[in-house]
Amino acid sequence: MSDAGPDPGEPGAGGARDFLRDEIRRDVESGLDGGRVQTRFPPEPNGYLHIGHAKAICLDFGLAEEFGGSCNLRFDDTNPDAEDTEYVEAIIEDLAWLGFTSARPPLFASDYFGQLAEWAESLIERGLAYVDEQDGETISAQRGGFGRPGIESPHRDRPVGESLELFGRMRRGELADGSCVLRARIDMQSDVMQLRDPVMYRIRHATHHRTGDEWVVYPTYDWAHGQSDAIEGVTHSLCTLEFDSHRPLYDWFLDQLPLPHGRPRQREFARLELTHTVTSKRRLATLVADGVVDGWDDPRLPTLRGLRRRGYPPAAIREFCDFIGVARTNSRHEIELLESFVRRELNATAQRRMVVLRPLLLTITNWPVDDEGSPLVVDVEVPNNPEDPGDGTRSVPCSGRLWIEAEDFMAEPPPRYHRLTPGREVRLRGAFYVTCTGFREEAGRVVEVECTYDPATRGGSAPDGRKVKSTIHWVSVEHAVPVQVALYERLFSAEVPGEATGDPLDDLNPDSRELLDHCRAEPEVAATEPGQVLQFERLGYFAHDPRIPGLFHRTVGLRDEWANIQKRRG
RNA sequence: UGGCGGGUAGUUCAACGGCAGAACGCCUGACUUUGGAUCAGGAGAAUGCAGGUUCGAAUCCUGCCCCGCCAGCCA
């Protein structure tokens, strides 16, 4: 251990410490790669980015930046079947939204197809690769099993010239899909399955999203990834734990080739899992395809697009990723932790507004009228964000007929209920004290609450110093603007979806979305920008839909002590 | 079944042979014009199990147990 450690406070030096940073620091100090740090984020353009990718992105870009290096965005586009430019664009867009742009323009593994093919021929010439004409099933069966060695292909020892000739025909499109593959010639006895003569090239007569019909053979992940890293001068190639068993192969290929820069090193870390959600492209695709959710940007999805529409600030996601750190332990973080970062960020930045979700009429019986008998309108001034006085104030109209939240009144309140109830005085946020004098019911439901107000309490405090136990939000009936609000609960009710039955769909929460169509908002809400996130006082944070005016998605609720009390009571 | 990786408060991490800590969650209280925010305090762990080395072990060694990954022409 070096006692001449770097200064704490230096980027990438002190502070966060984990196995990756420890190793990179050692590499830099020992002068490996001339002290250079270069990473890459390598998505396959066959789907949308999700919260799991966010962790990888924060790591790939974050570590490079901490150590004065850079991170490439490289699309791992070696499989023409599933990939599309649509995803390329979406990924670039989502990455930028998260707050990251690569120093270089986006790179593509498909840019290296020529070099890869050249290197493959070199391996054939040296007897390190051969063309196998058996079908996939046979090759798979010959691979053997755990604790059982594989069987060598009858083509394994064919002359170099024959493989060269066959590979040429593969490349020229003379051979049919699946008729043969190029395999690395390594060791069919190896305990590492990936070393049992892995496939390097397969034939696909398919149109690639970038190279079109130029190629008919496509490299596999294993043959493309490390070599792409080497071509780009990547020093640290970070990936998730399931690639751990590929590392010997990653290294084997690199050992056989003349590397233009230094030698990249693959290191693995645990992928991010969250409770009550799924983070696998396949699972997410199923939810979209089956219509369980409305699309890839459904606010209930952990896709970056979904989270964006839901109102998650990118800064909160980044801070969450930094906070959870990195380890090699398979782990599932509580979704509540992510939400706490969202609240923290939004509490500091979101402007407050008053919105009533389930309106109940409150009539102030002693409210003054003008000469023509119409109720007076009083404009009260309230801060936009009490956490940030610099954010100014706004004016909210108040009159004698108001909407209040239905649950803020109870005719027969349970213990510890502090809100409106017959005989009790509460504060209307920013306006006046009101005292409940009665209520009216229709068909057993409370339809109107009657109150008197104290004109001396304007602004919300009493000159005589008397206190109230609670403050409720309100909206003037005459000035209210209608809005629609979508309330969200967990998409999956189980902490680990599918744990019990193996199918996450069995744990779907049928009530994951509740649409409220009769919400009433203070006038200022009409001026909300698309995508803007507000705090609806006492309720939570709500994001204005980017496309549908007047639709708000609940990003996350406020901490709710009262709900907690009720829950404890059962 | 062979190989590899991993097991520390409820959860996620830290502690790198020297007093097991933090955050989130939970509980108490203070404060408060959001039952929010903020502040203070508290409960909560024989570090998977069993041995061993050592003055001293979460940390080193041995054996066992449990979890994850690997037998695609996916990545």
Side-chain atoms of A:N79 come closest, of B:A75, B:C73, B:C26, to B:A75
Among the nucleotides B:G2, B:A75, B:U34, whichever has the atom closest to the side chain of A:R429 is B:U34
Looking only at B:G5, B:A75, B:A71, the nucleotide nearest the A:F243 side chain is B:A75
Atom CG of A:L558 and atom C1' of B:U38 are separated, to the nearest Å, by 14 Å
In whole angstroms, the gap separating P of B:C13 from CD of A:E273 amounts to 11 Å
* If you look at every strand shown and take non-hydrogen atoms under 4.0 Å, does A:D222 touch a base, only sugar-phosphate, or nothing? -> nothing
Could you tell me whether the side-chain ring of A:H225 sits stacked on the base of B:A75, using a centroid cut-off under 5.5 Å and a plane angle under 30°?
no
Would you check if the side chain of A:Q194 reaches a backbone N or O of A:S245 as a donor-acceptor pair within less than 3.5 Å? yes
Interatomic distance at P, B:G29 relative to B:A22, whole Å = 22 Å
(Q) Can you see if the side chain of A:N330 gets near the phosphate of B:U12 - specifically, an N or O under 4.0 Å from OP1 or OP2? (A) no
Closest of B:C13, B:G5, B:G35 to the A:D244 side chain is B:G5
When A:G145 and A:T220 are each assigned the nearest nucleotide of RNA chain B, the 5'-most assignment goes to A:G145
message = Mind checking if A:D81 touches a base, just sugar-phosphate, or nothing, with heavy atoms under 4.0 Å?
response = nothing
Could you tell me how far B:C4 sits from B:C39 if I compare only their P atoms? Round to whole Å. 48 Å
> Can you check whether A:H225 and A:Y221 have ring centres sitting under 6.0 Å from each other?
Replying inline: yes
Students often get this wrong, so: under 4.0 angstrom with heavy atoms, is A:R143 touching a base, only sugar-phosphate, or nothing?
sugar-phosphate
When rounded to whole Å, the CG to P distance for the pair A:D197 and B:C70 reads 20 Å
A:E537/A:R429 ion pair, N-O < 4.0 Å: yes
Is there a side-chain contact between A:W252 and A:I186 (heavy atoms, below 4.5 Å)?
yes
Notebook entry, point to check: Does OP1 or OP2 of B:C13 have a side-chain N or O of A:S331 closer than 4.0 Å?
Noted result: yes
Counting N and O atoms only, with roles assigned by atom type, does the side chain of A:R358 sit under 3.5 Å from a partner on the main chain of A:C519, one being a donor and the other an acceptor? no
Under 4.0 Å, counting only non-hydrogen atoms across every strand here, what does A:Y417 touch: a base, just sugar-phosphate, or nothing? base
Regarding the side chain of A:H333, the nearest nucleotide among B:C13, B:C70, B:C74 is B:C13
Of B:C73, B:G36, B:G6, the nucleotide closest to the side chain of A:E561 is B:G36
A:R202 vs B:C74: side-chain N/O to OP1/OP2 distance below 4.0 Å: yes
Worksheet item: Given B:A37, is OP1 or OP2 found less than 4.0 Å from the side-chain N or O atoms of A:R559?
Response: yes
Taking B:C4, B:C13, B:C73 as options, the one with an atom nearest any side-chain atom of A:V181 is B:C73
**Prompt:** Base, sugar-phosphate, or nothing for A:E407, non-hydrogen atoms under 4.0 angstrom?
**Reply:** nothing
A:T471 has its side chain closest, among B:C26, B:G35, B:A75, to B:G35
- Message: Base, sugar-phosphate or nothing for A:R196? Non-hydrogen atoms, less than 4.0 Å.
- Response: nothing
So, is A:T78 close to the B:A75 phosphate, meaning a side-chain N or O under 4.0 Å from OP1 or OP2? yes
Considering only heavy side-chain atoms of A:E334, the closest of B:U12, B:U34, B:U11 is B:U11
Rounded to whole Å, CZ of A:F341 lies from P of B:C13 at a distance of 14 Å
side-chain N/O A:R343 vs B:A37 OP1/OP2, d < 4.0 Å | no
- Item | Heavy-atom check, side chain of A:S237 versus side chain of A:R267, under 4.5 Å | no
Per the glycosidic torsion and the 90° limit around 0, nucleotide B:A30 is anti
A:R419 atom CZ is separated from B:G35 atom C1', nearest whole Å, by 7 Å
Can you find an N or O donor on one side and an acceptor on the other, under 3.5 Å apart, linking the side chain of A:R538 with the base of B:G35?
-> no
Cation over ring, A:R210 on A:F108, under 6.0 Å and within 45°?
yes
Atom NZ of A:K567 and atom P of B:G35 are separated, to the nearest Å, by 18 Å
- request: Quote, to the nearest angstrom, the C1' distance that separates B:A58 from B:A15.
  value: 9 Å
When you check the phosphate oxygens OP1 and OP2 of B:G72, does a side-chain N or O of A:R204 lie under 4.0 Å from one of them? no
Contact class for A:G325 (heavy atom, under 4.0 Å): base, sugar-phosphate, or nothing? nothing
Salt-bridge test for A:R158 and A:E152: reply yes if a basic N is under 4.0 Å from a carboxylate O, no otherwise. no
| request: Could you tell me whether A:R271 and A:E242 have a side-chain N and a carboxylate O separated by less than 4.0 Å? | output: yes
Next on the checklist: Please determine whether any donor N or O and acceptor N or O are separated by less than 3.5 Å between the side chain of A:E387 and the base of B:G36.
Outcome noted: yes
Assign A:H418 to base, sugar-phosphate, or nothing according to its heavy-atom contacts below 4.0 angstrom with the strands shown. base
Margin query: Need one value for A:L241: base, sugar-phosphate or nothing, where a base atom within 4.0 Å counts as base even if backbone is also close, heavy atoms only.
Written below: nothing
In RNA chain B, stems of three or more consecutive pairs, Watson-Crick or G-U, each with both distances under 3.5 Å, turn out to be B:2-7 with B:65-70, B:10-13 with B:21-24, B:26-30 with B:38-42, B:48-52 with B:60-64
**OP:** May I ask you to decide whether A:E489 forms a salt bridge with A:R554, counting only side-chain N to carboxylate O separations under 4.0 Å?
**Re:** yes
Sugar-phosphate, base or nothing in reach of A:S140, heavy atoms under 4.0 Å
sugar-phosphate
Could you measure between the two P atoms, the one in B:U12 and the one in B:C55, and give it in whole Å? 37 Å
- Can we say A:R204 and A:D81 salt-bridge, meaning some charged N sits less than 4.0 Å from an Asp/Glu carboxylate O? yes
Quiz prompt | Polar pair under 3.5 Å, donor/acceptor by atom type, side chain A:H246, base B:A75 | solution = yes
Whichever of A:G136 and A:K467 has the more 5' nearest nucleotide on RNA chain B, that residue is A:K467
Looking at A:H473 and A:M354, would you say the former's side chain and the latter's main chain have a donor-acceptor pair under 3.5 Å? no
Rounded to whole Å, CD1 of A:I335 lies from P of B:G25 at a distance of 14 Å
Of the listed B:U34, B:U11, B:C69, the closest approach to the A:Q535 side chain comes from B:U34
Taken to the nearest whole Å, CG/A:L20 to C1'/B:C13 is 14 Å
Judged by whether its glycosidic angle lies within 90° of 0, B:G56 is anti
**Item:** Ring-base stacking, A:F146 with B:G2 (5.5 Å, 30° cut-offs)
**Value:** yes
